Each structure stands twice: as C-alpha cells, then as structure tokens.
A.B. asks: 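Before I ask anything, here is the structure I am working with.
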Amino acid sequence: MRFFNRVWTRTFSYIVLLAFTAFFMVPVIWLLFSPFKTDHQLISENPFALGTLENLGHAVRVMFTFEDYSLLNWLKNSAIYSFGGIFIALIFSIPAGYGLAHTQFIGRRTLLGITLFVMIMPATALVLPLFLEANSVHAVGTPLAVILPFSFFPFGVYLAYIFYSSSVPKDLLAAARIDGCNEWDVFRRIALPLARPIVALVTFFAFVANWNNFFLPFVMLPNSTNYPLPIGLQDLLSTTPAFNPGQGGQVGIYRPELAVATIVAMAPVMIVFLFAQRSLVSGLLAGSTKE
Amino acid sequence: MKSVVSTDAQSPQGTTDSLSSKLRRKRKNGVAGYAFVSGYFILLALFGVAPAVYAICLAFTSTGGHFVGLSNFIKTGEDFRFIPAFENVAEYLLIWLGSLVVIVIGLALMLHSIARKVSAAFRFVFYLPGALAGAASVLVWLFMLDPTVSPWRLFLGVFGFQNLGQTILPGHLPLIFAIIAFWAGAGGWIVVTYGALNNIPNELIEAAELDGAGPLQTAIRIKLPLIKKWITFMLILAFAAGTQLFVEPQLVGEASLGLISPTWSPNELAYYFAFQNNNFNYAAAISVDLLVIGLLCAAVLVFRTKLFEVE
Amino acid sequence: MAPVSLEKLTKVYPNGFEAVHEFDLEVADGEFMILVGPSGCGKTTAMRMVAGLEEISSGVLRIDGVVMNDVSPRDRDIAMVFQNYALYPHMTVGENIGFALKMKHIPKDEIEKKVRETAEILGLTEWIDRKPAQLSGGQRQRVAMGRAIVREPKVFLMDEPLSNLDAKLRVQMRAEVARIQRRLGVATIYVTHDQVEAMTMGDRVAVMRSGVVLQCDKPQTIYDHPLNLFVAGFMGSPSMNLFEVHLGEGGRTLFLGTQKVELPATVLAAKPSLVKFANKDVVVGIRPESLMIAGTKTNDNAKDFVFFEGDVDLVEALGSEILVHFSTDAHRVEAEGVYSDDAEGLDAGLITQRGEGVARVPPETQLVIGERVRLQVNPKRLFFFDPATGLALSE
Ligand SMILES: Nc1ncnc2c1ncn2[C@@H]1O[C@H](COP(=O)(O)OP(=O)(O)OP(=O)(O)O)[C@@H](O)[C@H]1O
Ligand SMILES: [Mg+2]
C-alpha cells in the first residue's frame, strides 16, 4: 500500500515537472528556431520544423542593417549603461559593506536599516521620482541620468555587508592593524583582495537588473540614439507590420527579424546565466539569507 | 618578586585622561567608518532619498509651487482611470501570487523529493527564462499568444482564438501578465524555496517517515511549516514588485492597436500624467501612492519577519 | 624600565559590563608572563587593551615607559598571535610572515632574507609558497608564530596560541614556543587555559578571575603558597581537595564531618592565626599528591602525620600513578572558576557538596572499590583558608 502510494506520487511528480519543463522551455526553443524560417513559414509550417541557414542570414542582415545599424547602437548603449552602473556600484558598495560590517560610527545602524528598506522596495517605485528629480536639474536625455541611478545598488551593499560580517573575522583585521596597517591599508590590502567572490555576485545581480531595465531608460532617454536594447525592442514592435498590419512594410522587420533582435537582447544575460549557474544558485540563497 | 592581590591603594592618576582619550578614539575610528560609507551614502542620498523627498514635495504642491495639501491625491484618486488601474493590478496580483503559492511551492516540494542531480537540471531549466525578464519576455510571449505562429496554436485554438487581437483582449490581460511574470520569475523563487527546503535537517524528515507519514503528509505537516517564513518573504517581495507593473502593459499595448488603455496600470497612469498632461504634481502623487505601498511591504518584511535581523 | 606596565587598567564594554577591573601588571625585560583564569574572566580583553585593539576605559598602559593609551596598534611595536591564527588567506606563508615588514617599508631583499630565516627557525621553508588553506593546524600555528617573531617587537602577545592543536602537537609546540621566546628574549604575555602551560612555560603567572588579578608570582610560589581559595583550587590538576571542617578547642583537633582528627602541635606553631578559628569553621586544603594511603610506606615518620578515613569510590590507574577518588562525610568546597559568574566575592562562589576528594598514589598501591582506607598527610602540607573571605591564613 505504502509502496504503491510512493510510486504513484513519484510518477505524478515527474509528469508535472516535465509539463512545466515544456512550459518554461518551449518559448525559448521556439525563439531560437524562428530566425531560421521566413515569416510565411512561421505561419504556415509546423512550429518546430527546421528552417534554413539562408533564412537566418537574411534575418540577421536585415535586422542588423536596420536604420543604419540601430541594433548595434542599442547593444552598445545597453553595455555602457549596464557596465557603467555596475562599475560605480562596485566602487562604492564594497567599501560601504566593509564599513558597515567592520567599523563603528554614529548612524551605522540607521544606514544599515535604510539600505535594507531601499533594497526591499522595488526599484521601479523610484523611477518617476528619479525622472522628476532629473528633470528639475535638466539631466533628462543624458546617459548619466540612467548610469547614476543604476550605480545606486543597495542590494550590492547588503551582499558586501553580509559577506564581510560573516566571512571576514575581526581578528584578521586586528592582525593587520598590529602588523602596521592604518585603516585604509587594512581595507586595501586585506579586505579588498578577499572581496573577489562578492564582486562576482554583485556584478551578476546588477548586470541582470540593469540589462533588463526598461522603465528607467524609457522615461529618461527620449532620444532614439540613446536607446538601450529593451527600448529598442519596443521601438521595433511599434514599427513592425507583424503586430501593426497598417505599418509600412518597407522597414522589412518581420517576426524572424524580431526574433533575432530578441535573441541579441537576451544573449548576454543567458551567457552569464550559463557560466554563473553553480555559484548563482548558492548566491541567490546567500543574497536572501544571512547565514 | 612581590605577589599582587589587587588592592585599592596607589596610583590615582589612572582615570584623569580617560575622557579625552575616549573622545579622540571615537572620532578616529568614526572617521574611517564615514570614509568607507561616504560614497555610497552620497548615492543613497541622491538617488534613493532625494527623489522620494522631491516626489513627496511635488505631490503636495500645485503646478505653481503652492502647498495644496492632499488635493493632488484626491484629484488623482477621483480620476476615472485611477480605480480601474488599481483594479487591473489587483486582479493580476491575485493570479500571480496565487500561482506562486500553489505552483512554486508544489514544484519545489516535488523537486525536493527526487534525486538531487535530476532536480538540479530541472531547477536550471525553470530558472533559465529569467534571462529574458522585461521587454524580451513580453516580446516572446506576444509570439506565444499569437495563434498564427504560436507553438501552442492548437491549445489556443481550443479556446477559439483566431488572432492576436482575440487573445490579448483587455479582460485577459491580468492572466497573461501573470503567465509572463510566472514564466520569467517563478524559476528564481523555485530555487529559493528549494534551498529553504534543503535547509531542513534530514533527520527531521526521516523521523517523520518513521512515524508513519507518507510523502504528502511529510510535505504538508513537516516541510511546509518549516519554510513558512520564506513563503512570506516571497509573497511580500512579489507583491511589492507586482504593484509596479509597467513594461508588460506598455509593450502589449503597443501591439494591440490601441485596444488596451495606455493607463492600464498605476505606473502607466503616473507616466501618462507626467508625459501626456505635463502634470508632474499628479504624477508625483501617484508615485507617492506606489512608494508608500513599497515602503509598507519593506516595513512588514523588516519588522515582522526575522529574515533581516542585522547583528 | 619594564617593557610593559599596566596600571589599574580597566575595561568597561559599551553595554556596561566591566570585563577587566584595575588590572596591575609589570612584565620585565625578556620575561614570559602567563595569564590564566577561567573562561570569560577577561584575559583576552586585557590582552587586546595592551595591543590597542580595545579602547582602555581607564588606567595607564606603558610600553618602554611611554604611555600608550592612545597610540594606535600599528605604532605600539607589538606582535600578537591569535587563537585562530588570523592568517591572511590570500597571501602565501612567506607573504604572511613578511607582511608587517612590508608595511614598515623595509627593502624587499631584506624582507626576503628575514622571512627565510624565520621560516628556517620554524621549519616552514618547505611550505613558504603555500596558502594558509593548504596547511595543517600545526603548520598554521607556526606561521602565526613566524609572523610575530619576524618583527622583533618589544612585546609578544599570545592568546591561547596552542588551544586549537591536538594534544600531542600541543606538547611539542609548547616546548618550541618557550624555546623561541627564551632565544629572542622578548617580553611576552601569554594567555592560556592549560594547567601545564601555566606551570611550565612562564617566569611568572598571573591568575585572574572576574576581571581581577588574584595573584601574580612564580608558578611554584603560586602552587605552594596560594593566596586564596580560588587560586588554590584553580592551579593544579587534579585540583586541591578543599573541605570545610570545624576546628576544635585551642586548634588542636578538627572535625572532618564526623571524624575527629588530631592536629600535631607543629601545625599551630606554623600557623598561629589558626587559634582565632578555634571552635569555628575553617577550610582545609590538601593537594592530591600530599595524600598517602596509611601503612603503604613503611619508613614514614607516621607519628607527626594527620590521619583520616575515606571510602574508595573510583580508582583511575594512569600508568605512572593512580588517582583514588574517595568520599568522606565532610563538606567539600568547590572554588572552581565555573562558578565565577557571580562576582560578589570569593565566598559567594563557594559551593559545598558531599565530601569527595582525590588522592594521587603510586601505581603499585592495591585498592578495592568500596573499601575504607586510612589516609595520611604531612601536616606541613596542609593549607588553611578563612571560609568568610577565602583568604589563606598567614603563616
Ligand atoms: N564586546 C563586548 N561587549 C560586552 N561584553 C563583552 C565583549 N567582549 C567580551 N565581553 C565579555 O567580557 C568578559 C571577558 O571576555 P574575554 O574574551 O576577555 O574572556 P577570556 O578570559 O578571554 O575568556 P576565554 O578564556 O573564554 O577566551 C566575558 O564575560 C565576555 O562576555
Ligand atoms: Mg579569550
């Protein structure tokens, strides 16, 4: 009785898990297959029929040359905004995490509390206020209006704080002080070299967040030459006849081309995911628990 | 050599310089601390606190800069688009959070009961679509929902959908956005929940089995209660993020030929006020509404659960 | 001039807890000073104040005659060995040892030479390019030592540096540390829990309890003449047998529970103040090795001895000796540090139990469990303490 119960539960588990595997993976697979086909084939043929390399070449060519290589421009913009933001975020959040974990100063606990609050609050909630602020100092439309808000990454500070307070013992820093380090040396020669795992973790989370961010660049950058990829995708969406039959067909952006653009947009994050897979899963937990 | 038992005699000058030394020490130590956090502090002030404060100021003033009390909040609240926007999001949240509780926890429990290697593969597959968060995920789902090209076209046909316009009817949107959110976001939560389940000591589960509990019983009576705080954590964060919905309605609206209101979600409404009406005060008022919801969620998490106890 | 002098050093933690109270200590040139005491008595705190890692609440710390209260650790010219070694995980053994020299901007080739010499002394040459994670516990301990000795500092501070090693390695390193200290002749403060380390390694021992130094002297002096009950009970293993007894008329007899024990006149002659306790309670202390089973040694001058009886409860044969656990119906007094939580005073820490005791006898002694034995002790080896204050009765 117990035995059958168990077998039944297990079989049921696998059926459900496989069904969800289909749910999660079919869209990805379909997306990867579609540039190999023409728009017409996409409509008329079996969704998983194989296409040709020739079609892929065509879609890629059309997409990349579209509007004077806009896609490459968006890619470049996305990279600048994401990495610019990450770079500044790292420069400030590693020392801040260290300072919060290992120094004493008035207001330390308050700062920690505020960091926690801002970290939990969805970043989107601050987008319009940030826009209003940027607008009041006439910074709207400049790349800095995106990069600087990106560089404020309280989650990174929290990760660094957890790392320093749990993995770097106070005695280690005390030893350095006795060995002749001043406070800056203690940080630069001991704490900073030990921060390598946290740099990787913060970079990963900040990259995923920045790269996929839509709302902030959407309000901050009205000029199409400044668009990052997500806004570029929206731009494509509004011009393509695939979703707007009335639109002029002369731009040549149909579904296979859109799929190319989407793949280009997701590829960097996907690559980071694949590489970071192992540390990621533990990192995801490290980010959410204090142990 | 003399033996010393601590006595109260001799050396009275011990305490004279203690006060000034204490102050000097404090200051010196403090300076280092401030130096380390100063850069971050400036960022926090400029891009965390200042925008919020500025939005609050705008929300309480008129276009001319006069203090108007709650008037902006009342006017936006009475706007005919305000209630529907919040209703839309509420409906979306109901579906999205419900699916989180039922499906995410269910899947995590299933993954936890099968071989570790196999479950690792499943977890990775579930997590992968997270790479397509934001605009890319919406685009992908526009394809998925378009009966003319979708790999699910048979499935969509069962419901009688012939073209994209029929699938993305306004009434379907909360469900559609929940599906997109689930597709891109559930994997991360499955990993977190699985991790929490993994933290349960094995002996506990074995003890339950020895006590005669089957897999289902163990899951419901032992595992679930032990990961309760993680479920709370997940729900609050998902709720807070869900209230801020913007990309999804924006992009789907783009593809709907004007069928979908450009003020479908509160954030879109705020955006509309700012950019179509040039009324930053109204926009700020709605932003502050949303900010308060976010802050409340954070407050609940920080103060009500023990997840973020510092020191 | 003493390299290190602590004058009424006091530490009050921000939460109001006073961990060290008016700590007085002078460490002479080249002296090896041991700090012992039960867990939580403030040893680490005292040491960290000397190092400059903990702010001094009041009192004066001098190193080579210069007041150091407000000098930062890096300018104190001290070296410290931490209990968990605190090795820099991202540096090799060589870099760990040479780090302090590097911070002093000593030329590279000179650093290299000194590091090599130090590694040689400690037998670390083979591991010099390894990272700490790839070393065994003993090797790590040596690196921590190396990091301290390479600097030729004014003072060494060592906080239980051997406590993370296994028993065998500890014995070996104990001798090594003592040898190195003698060779370098640097004033050293060494914190330990270990009885043997306390007795064998140092020139002097300071016994602490609840933030207070109770006695500071040569180890043998402390062993032979403990100033109070706590020191008597803390130093020595197994610890001193302490019984609460009733002194008879004129101090000629004492009542160990129901047993009446005759005291030879020599006892009173040696400790005249005992008279004051006639007809009162007093605590008597006997070291386990002072106790003998009566009649086993024929040539004892038995008539001057003190005799009493006890029931054998347990016999522990250690090979070189036998520990006999016996019981009497007297009150046993426990002055162990485990009860140090209440810092009221010594008497408050006293816990009286059933009168168990331990004797340390030669291995050939024949004993049967349950048997009643007659124990004898040389009256010169008796310690007496005032039960109210815990202080030893003066001679
Ligand atoms: N930062 C602190 N704040 C408040 N109390 C403290 C702090 N650090 C230590 N204490 C307390 O001060 C007392 C002395 O601590 P210390 O570490 O000096 O003991 P110790 O003698 O070194 O003990 P052990 O032998 O266990 O290492 C302890 O009771 C401890 O609880
Ligand atoms: Mg200690």
Side-chain angles (χ1 to χ4, degrees), chain A residues 5-6 9 13 16-17 20-21 24-28 30-31 42-43 47 92-93 95-96 98-99 103-105 111-112 116-118 120-122 124-126 128-130 132-133 148-149 151-152 157 183 212 214-215 230 233-234 237-238 243 255 262 265-266 269-270 273 277 281 284-285 288, chain B residues 29-30 32-34 36-37 39-40 43-44 47-48 50-52 54-55 58 107 110 113-114 122 124-126 128-129 131-136 139-140 144 148-149 151 188 191-192 195 214-215 240-241 244 246-247 251 254-255 270 274 280 283-284 287 290-291 294-295 298 301-302 308 310:
Chain A
N5 196 356
R6 189 145 302 184
T9 325
S13 291
V16 173
L17 288 172
F20 273 94
T21 304
F24 283 113
M25 287 315 285
V26 163
V28 179
W30 184 89
L31 180 70
L42 279 174
I43 294 170
F92 290 115
S93 54
Y98 170 78
T103 60
Q104 292 296 329
F105 55 92
L111 189 59
L112 209 51
L116 213 54
F117 254 81
V118 187
I120 294 169
M121 225 172 57
T124 328
L126 279 176
L128 276 175
L130 275 168
L132 298 172
E133 183 189 43
L148 288 178
S151 66
F152 170 56
V157 176
E183 292 306 311
N212 286 329
F214 178 88
F215 198 11
L233 286 185
Q234 193 211 8
L237 198 58
S238 63
F243 292 107
R255 291 183 187 90
T262 311
M266 72 154 198
V269 182
M270 193 69 92
F273 262 42
Q277 196 213 143
V281 169
L284 206 66
L285 277 177
S288 34
Chain B
N29 213 337
Y34 290 127
F36 286 121
V37 299
Y40 165 65
L43 290 181
L44 172 69
F47 306 113
Y54 185 57
L58 281 180
L107 288 178
M110 286 177 191
S113 65
I114 64 175
F122 276 121
F124 183 61
V125 165
F126 293 173
L128 204 59
L132 283 96
L139 217 66
V140 168
M144 295 302 114
T148 53
V149 295
V191 171
V192 170
Q244 308 292 332
F246 183 81
V247 207
L251 287 190
E254 202 73 62
F280 289 163
S287 289
L290 292 170
L291 208 58
L295 276 174
L301 262 194
V302 173
F308 292 101
V310 285

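All chains are named by letter (A, B, ...) in the order of the sequence lines, taking the proteins before the strands, and each is independently numbered beginning at 1. Computed from a predicted model, the values in this text were never measured in an experiment.
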A.B. asks: For the interface with chain A, which of A133(B), S113(B), A136(B) has the highest count of heavy-atom pairs at distances below 4.5 Å?
C.D. replies: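 Maximum pair count with chain A is reached by A133(B).
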A.B. asks: Within this structure, what is the CZ-OG1 distance for the pair R255(A) and T262(A), rounded to the nearest 0.5 Å?
C.D. replies: 12.5 Å
A.B. asks: Pick one: which of L126(A), L128(A), L130(A) meets side chain to side chain contact (heavy atoms under 4.5 Å, CB included) with F215(A)?
C.D. replies: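 The side chain to side chain contact (heavy atoms under 4.5 Å, CB included) with F215(A) is passed solely by L128(A) among L126(A), L128(A), L130(A).
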A.B. asks: Using a 4.5 Å cut-off on heavy atoms from C-beta on, say whether the side chain of V140(B) contacts that of M266(A).
C.D. replies: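 Of all side-chain heavy-atom pairs linking V140(B) with M266(A), none is under 4.5 Å.
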A.B. asks: At a 4.5 Å cut-off on heavy atoms, which part of F20(A) comes close to chain B: side chain, backbone, both, or neither?
C.D. replies: both
A.B. asks: When rounded to the nearest 0.5 angstrom, what is the spacing between OH in Y98(A) and OG in S93(A)?
C.D. replies: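 Here the rounded value is 15.5 Å.
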A.B. asks: Check each atom of L44(B) against the heavy atoms of chain A and say whether the ones under 4.5 Å are side chain, backbone, both or neither.
C.D. replies: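 For L44(B), the contact with chain A is made by backbone and side chain together.
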A.B. asks: Between L111(A) and chain B, which part of the residue has a heavy atom less than 4.5 Å away: side chain, backbone, both or neither?
C.D. replies: side chain
A.B. asks: Is Y54(B) close to chain A through its backbone or its side chain, or both, or neither, when contacts mean heavy atoms under 4.5 Å?
C.D. replies: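 Side chain of Y54(B) only, per the 4.5 Å heavy-atom cut-off to chain A.
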A.B. asks: With a 4.5 angstrom heavy-atom cut-off, which part of L139(B) approaches chain A: side chain, backbone, both or neither?
C.D. replies: side chain
A.B. asks: Could you give the distance from CG (L132(A)) to OG (S287(B)), rounded to the nearest 0.5 Å?
C.D. replies: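 Atom-to-atom, L132(A):CG and S287(B):OG are 6.5 Å apart.
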A.B. asks: Do F126(B) and V191(B) have side chains that approach each other closer than 4.5 Å (heavy atoms only, starting at C-beta)?
C.D. replies: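 No; the side chains remain at least 4.5 Å from each other.
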A.B. asks: Quick check on the interface: out of G134(B), A274(B), A135(B), A298(B), who has the most heavy-atom pairs with chain A under 4.5 Å?
C.D. replies: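 Option with the top pair count is A298(B).
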A.B. asks: When only pairs under 4.5 Å are counted, which of V28(A), N212(A), V16(A) shares the most heavy-atom pairs with chain B?
C.D. replies: N212(A)
A.B. asks: Identify which part of F214(A) has an atom lying under 4.5 Å from any heavy atom of chain B, answering side chain, backbone, both or neither.
C.D. replies: side chain
A.B. asks: Who pairs with L128(B) by side-chain contact (heavy atoms from CB on, under 4.5 Å), at least two apart in sequence or on another chain?
C.D. replies: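 side-chain contact (heavy atoms from CB on, under 4.5 Å) check on L128(B) returns M25(A), M270(A), F273(A), F124(B).
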A.B. asks: In Å and rounded to the nearest 0.5 Å, what is the CG to CE distance from L290(B) to M121(A)?
C.D. replies: 10.5 Å
A.B. asks: Quick check on the interface: out of A240(B), A55(B), A283(B), who has the most heavy-atom pairs with chain A under 4.5 Å?
C.D. replies: A240(B)
A.B. asks: What part of T21(A) gets closer than 4.5 Å to chain B, counting heavy atoms only: side chain, backbone, both or neither?
C.D. replies: both
